[in-house]
Amino acid sequence: MGYELKLLIKLSIISEDLIPTDAEREVWDQVDVVLKDAKGILDELQAYKGAGQEIREAIQNPSDEALQEQAWAAVVPLVGKLKKFYEFSQRLESALHSLLGALTSVTYDPTQHLEREQALAKQFAEILHFTLRFDELKMTNPAIQNDFSYYRRTLSRMRINNVPAEGENEVNNELANRISLFYADATPMLKTLSDGTTKFVSENKNLPIENTTDCLSTMATVCKVMLETPEYRSRFSSEETVSFCLRVMVGVIILYDYVHPVGAFAKSSKIDMKGCIKVLKDQPPNSVDGLLNALRYTTKHLNDESTNKTIKTMLQKD
């Protein structure tokens, strides 16, 4: 890893701004358009308060038309936001496909790709950071599913009673089904990326699967070493950079676990899972609960019989 680390430590992940090379420019521009909207999406999600009060009052007073109208008026714009978040997940998956196509091509091995295409590697890291942050916020906000369920129930009742619904143009029935499935998942963005990575591998059968898994495992190793080595960690400009690196590490582990035939926890895995979990557990208490839960509940192979018992024990809740 010494050679790789020398190449990659400048990678990347801790550089504030990386200017794409001419070879990276086309893909970088496509992905940059998507990433420019990511912060706004997180800000909107963080500020999402829901219509719990209005919904409760409407349900408790079913014959009060004014309260029904108030609840509907409160929910319709919120559903517009939920639709926007869902549509962003589709754009994010498309951006991920473009990046994987560039970072796993047969032109170079994974280390060379990450060295030569640092600006794309940074974008990949930013997508993972966004994804884990989005899901952390979503998991702690039950209003999202409550609002959407109320919207669908009310819309269904309006249809039965032939009442025109102004909000129906916003989300038709087919789209409502897809959005509902999206939010039903505990970590919807991560599921979108995991499914997208699996799809990328199955659609590119001429590309050795190792090109994808080695890219992911190399990024996980770089994050782990940067976080556990005081000399490198001291270069981080802020605690936010530490959080960024931790989220990226967990994100690539989960993608690896979905794509690799035997997953991230097997003996043959190229990711040092014990080392990665130790790095997480060495962080201040409560600061990484969401990331540990992501490894516990959103990976594919953790509960396989072949998973080392020590790893299972390390991931048990204290």
Side-chain angles (χ1 to χ4, degrees), residues 1-36 38 90-131 192-226 232 244-245 247-264 268-272:
M1 181 63 201
Y3 165 69
E4 275 182 20
L5 194 59
K6 277 176 196 156
L7 291 177
L8 293 173
I9 208 61
K10 56 183 181 180
L11 178 77
S12 90
I13 299 182
I14 53 173
S15 309
E16 291 302 316
D17 294 301
L18 286 166
I19 296 163
T21 61
D22 290 346
E24 295 172 284
R25 175 63 69 179
E26 188 182 345
V27 171
W28 190 91
D29 283 345
Q30 288 170 21
V31 176
D32 187 54
V33 172
V34 178
L35 284 172
K36 275 197 167 89
Q90 306 306 292
R91 293 175 61 204
L92 202 68
E93 184 182 350
S94 176
L96 177 80
H97 266 238
S98 300
L99 285 173
L100 285 173
L103 290 169
T104 63
S105 68
V106 291
T107 331
Y108 308 114
D109 67 32
T111 306
Q112 290 170 327
H113 266 300
L114 292 174
E115 186 212 352
R116 289 165 183 263
E117 294 157 351
Q118 291 180 24
L120 297 184
K122 176 78 191 295
Q123 285 185 320
F124 187 28
E126 284 172 350
I127 284 178
L128 291 166
H129 174 260
F130 165 84
T131 297
T192 300
L193 288 203
S194 301
D195 290 350
T197 308
T198 307
K199 190 171 148 196
F200 172 82
V201 169
S202 65
E203 283 175 357
N204 292 276
K205 291 198 163 48
N206 59 331
L207 196 67
I209 192 168
E210 294 76 26
N211 286 32
T212 304
T213 54
D214 287 358
C215 169
L216 297 170
S217 61
T218 303
M219 285 184 77
T221 304
V222 170
C223 289
K224 178 183 80 79
V225 175
M226 286 182 1
Y232 298 129
F244 181 89
C245 227
R247 286 194 187 105
V248 173
M249 181 180 78
V250 169
V252 287
I253 288 169
I254 292 167
L255 295 188
Y256 183 100
D257 195 51
Y258 267 83
V259 174
H260 195 282
V262 294
S268 57
S269 164
K270 289 192 177 175
I271 297 177
D272 169 16

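All figures in this text were calculated on a predicted structure; none of them were measured in a lab.
For the pair Pro261 and Ile209, the minimum side-chain heavy-atom distance is below 4.5 Å. Between Phe244 and Glu126 the shortest side-chain heavy-atom distance falls below 4.5 Å. Counting heavy atoms from C-beta on, the side chains of Asp272 and Thr221 never come closer than 4.5 Å. Side chains of Arg91 and Val33 form a contact here, defined as non-hydrogen atoms less than 4.5 Å apart.
To the nearest 0.5 Å, atom CG of residue Leu103 and atom CG of residue Asp214 are 13.0 Å apart. To the nearest 0.5 Å, atoms CD1 (Ile271) and NZ (Lys224) are separated by 11.0 Å. Here the CG atom belonging to Leu35 is positioned 11.5 Å from the NE2 atom belonging to His129, to the nearest 0.5 angstrom. Taken from CG in Asn211 to CG in Asn206, the straight-line distance is 10.0 Å, to the nearest 0.5 Å.
The shortest heavy-atom contact between Leu100 and Thr212 is CD2-CG2, 4.4 Å. Across Ala220 and Met249, no two heavy atoms sit closer than the pair O-CG, 4.1 Å. Residues Ala264 and Ser269 come closest through the heavy atom pair O-OG, 2.9 Å. Taking all atoms of both residues into account, the shortest heavy-atom contact from Met219 to Val252 is CB-CG1, 4.1 Å. Across all non-hydrogen atoms, the minimal contact from Thr131 to Ile127 is OG1-O, 2.8 Å. Summarising the geometry of Ala119 relative to Pro20, their closest heavy-atom pair is CB-CA, 3.7 Å, with the distance given to 0.1 Å.
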*Please assess Leu193 against Leu128 for the test side chain to side chain contact (heavy atoms under 4.5 Å, CB included), listing each intermediate value before the final yes or no.*
CA-CA 9 Å; Leu193 288 203; Leu128 291 166; 4.1 Å; yes

*Does the side chain to side chain contact (heavy atoms under 4.5 Å, CB included) test come out yes or no for Cys215 and His113, once each step is laid out?*
CA-CA 8 Å; Cys215 169; His113 266 300; over 6 Å; no

*Go through the steps to decide whether Leu255 and Phe124 satisfy the test side chain to side chain contact (heavy atoms under 4.5 Å, CB included), and finish with yes or no.*
CA-CA 12 Å; Leu255 295 188; Phe124 187 28; 4.1 Å; yes

_As a quick check of understanding, evaluate side chain to side chain contact (heavy atoms under 4.5 Å, CB included) for Thr213 and Lys270, giving each step before the final call._
CA-CA 9 Å; Thr213 54; Lys270 289 192 177 175; over 6 Å; no

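Residues satisfying the side chain to side chain contact (heavy atoms under 4.5 Å, CB included) test with Thr107, not counting sequence neighbours, are Ser105. Taking the side chain to side chain donor-acceptor pair (under 3.5 Å) definition, one finds that Lys199 meets it with nothing, sequence neighbours left out. For Ser268, the side chain to side chain contact (heavy atoms under 4.5 Å, CB included) partners are Val262, Ala266, not counting sequence neighbours. Residues forming a side chain to side chain donor-acceptor pair (under 3.5 Å) with Asn204 (at least two apart in sequence, or on another chain): none.
Between Phe200 and His97, the two ring planes are perpendicular [angle over 60°; tilted spans 30° to 60°].
The stretch residues 23-32 participates, sequence neighbours left out, in these side-chain hydrogen bond (donor to acceptor under 3.5 Å, both in side chains) pairs: Thr21-Glu24, Arg25-Asp29, Gln30-Ser98, Asp32-Lys36. Within the structure, side-chain hydrogen bond (donor to acceptor under 3.5 Å, both in side chains) pairs that include any residue of residues 251-262 do not occur (at least two apart or interchain).
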